[in-house]
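All remarks here apply to the structure that follows.
Throughout, protein chains are lettered first and strands after them, A, B, ... in sequence-line order, and every chain is numbered starting at 1. Basis for what follows: all heavy atoms, side chains included, without hydrogens, waters or symmetry-related copies.
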Amino acid sequence: SAEAFSAEGSEVDPLIRQVTDRQDGAEPHLLTEEHHFSLFKKRFKKIYRSQEEHDHRFRIFKANLKRAERHQKLDPSATHGVTQFSDLTPSEFRRTYLGLRRLRLPKDANEAPILPTDN
Amino acid sequence: LPEDFDWREKGAVTPGTCGSCWSFSTTGALEGANFLATRKLESLSEQQLVDCDHECDPEEAGSCDSGCNGGLMNSAFEYTLKAGGLMREEDYPYTGNDRGTCKFDKSKIAAKVANFSVVSLDEDQIAANLVKNGPLAVAINAVFMQTYMKGVSCPYICSKRLDHGVLLVGYGSAGYAPVRMKEKPYWIIKNSWGESWGENGFYKICRGRNICGVDSMVSTVAAVNTNSQ
């Protein structure tokens, strides 16, 4: 469940509360996503150079909300939700913030001596 | 082995973020080892590794450390051993890009590698090396970290394909898991994405099943006591 944050970034509510139906029939779910996106932009000071970029990032943000919900189901002992990376696609995230070469243990690496682990 | 252990409480972990995770993991482990050897906590230069370390994995042609395109902690330790050591962060500050030339100044070395080795995929051995030798350079699969906010992460399913370098700074015997009402032993990991991510920049991941490959590639490093020189 993505956490709702106030503009100051503190948690105001650990769960997304189901928004009651509005008179004008606005889709509550959409309202929630837009609401979260505006909090996200405020909290992480996100500014997009064009309306087109903004809309593109909003689409990615919505997909990442769903991804956070999936992660929450797969990883219930942690809390998953909106982070500073919520407007990045998984591949943008990997390309920008990860950076380990394809990993194999170098065969010539020294093996650490076995240490005693009792008392 | 103590039930709980945390190098942050012993002053062996510097603050700080960095975009190049493999150099972040390398400098973090050497900072801890240098603290153990000299009792001084020095923030070491990731930028020196990004600009100067192009060490290759002898077993894999073309697998060389290369700034923002990725690197390996073991190759970075090898570079540091050959180059003589790392400079302080303040003497070789982080610029966030890898287009600069190498500005290494041997006269300003702040920490030297004595040796480094790989710890077997055995959680007791990892914990013992952590307690004895200081924070450890580890690799992990970071797929759940993009949405992680807090708590003990223990995904039912997580790839062990390693794509991120972090620093193992401690472990806890029980992290309260509200949903499944279970106490979970966990590793405490320092990540390089700043204090607004995770638990003030730290990540907790449960122990016991090599979750997300966290036990697969663990390196420990020993530093030379430069006080005596």
Most contacts with chain A, counted as non-hydrogen pairs under 4.5 angstrom, among D122(B), N133(B), V131(B), N129(B) | N129(B)

Check each atom of S153(B) against the heavy atoms of chain A and say whether the ones under 4.5 Å are side chain, backbone, both or neither.
-> both

Under 4.5 Å, counting heavy-atom pairs only, tell me which of A128(B), A127(B), C158(B) racks up the most with chain A.
-> A128(B)

Tell me, with the steps shown, if K66(A) and E33(A) meet salt bridge (Lys or Arg N to Asp or Glu O under 4.0 Å).
-> CA-CA 10 Å; K66(A) 292 183 178 59; E33(A) 289 171 337; 3.5 Å; yes

E46(B) and E89(B): which non-hydrogen atoms are nearest, and at how many Å?
-> OE1-OE1, 3.1 Å

For chain A, which of S25(B), S192(B), S196(B) has the most heavy-atom pairs under 4.5 Å?
-> S196(B)

Y148(B) and W197(B) aromatic ring geometry - parallel, tilted or perpendicular at 30°/60° bounds | tilted

Heavy-atom distances under 4.5 Å only: say whether Y97(A) touches chain B with side chain, backbone, both or neither.
-> both

Indicate the ring-plane relationship of Y48(A) and F37(A), choosing parallel, tilted or perpendicular according to the 30° and 60° boundaries.
-> parallel

Please work out which of the three classes, parallel, tilted or perpendicular, describes the rings of F116(B) and F77(B), given edges at 30° and 60°.
-> tilted

Atom group of V143(B) that falls short of 4.5 Å from chain A, counting heavy atoms | both

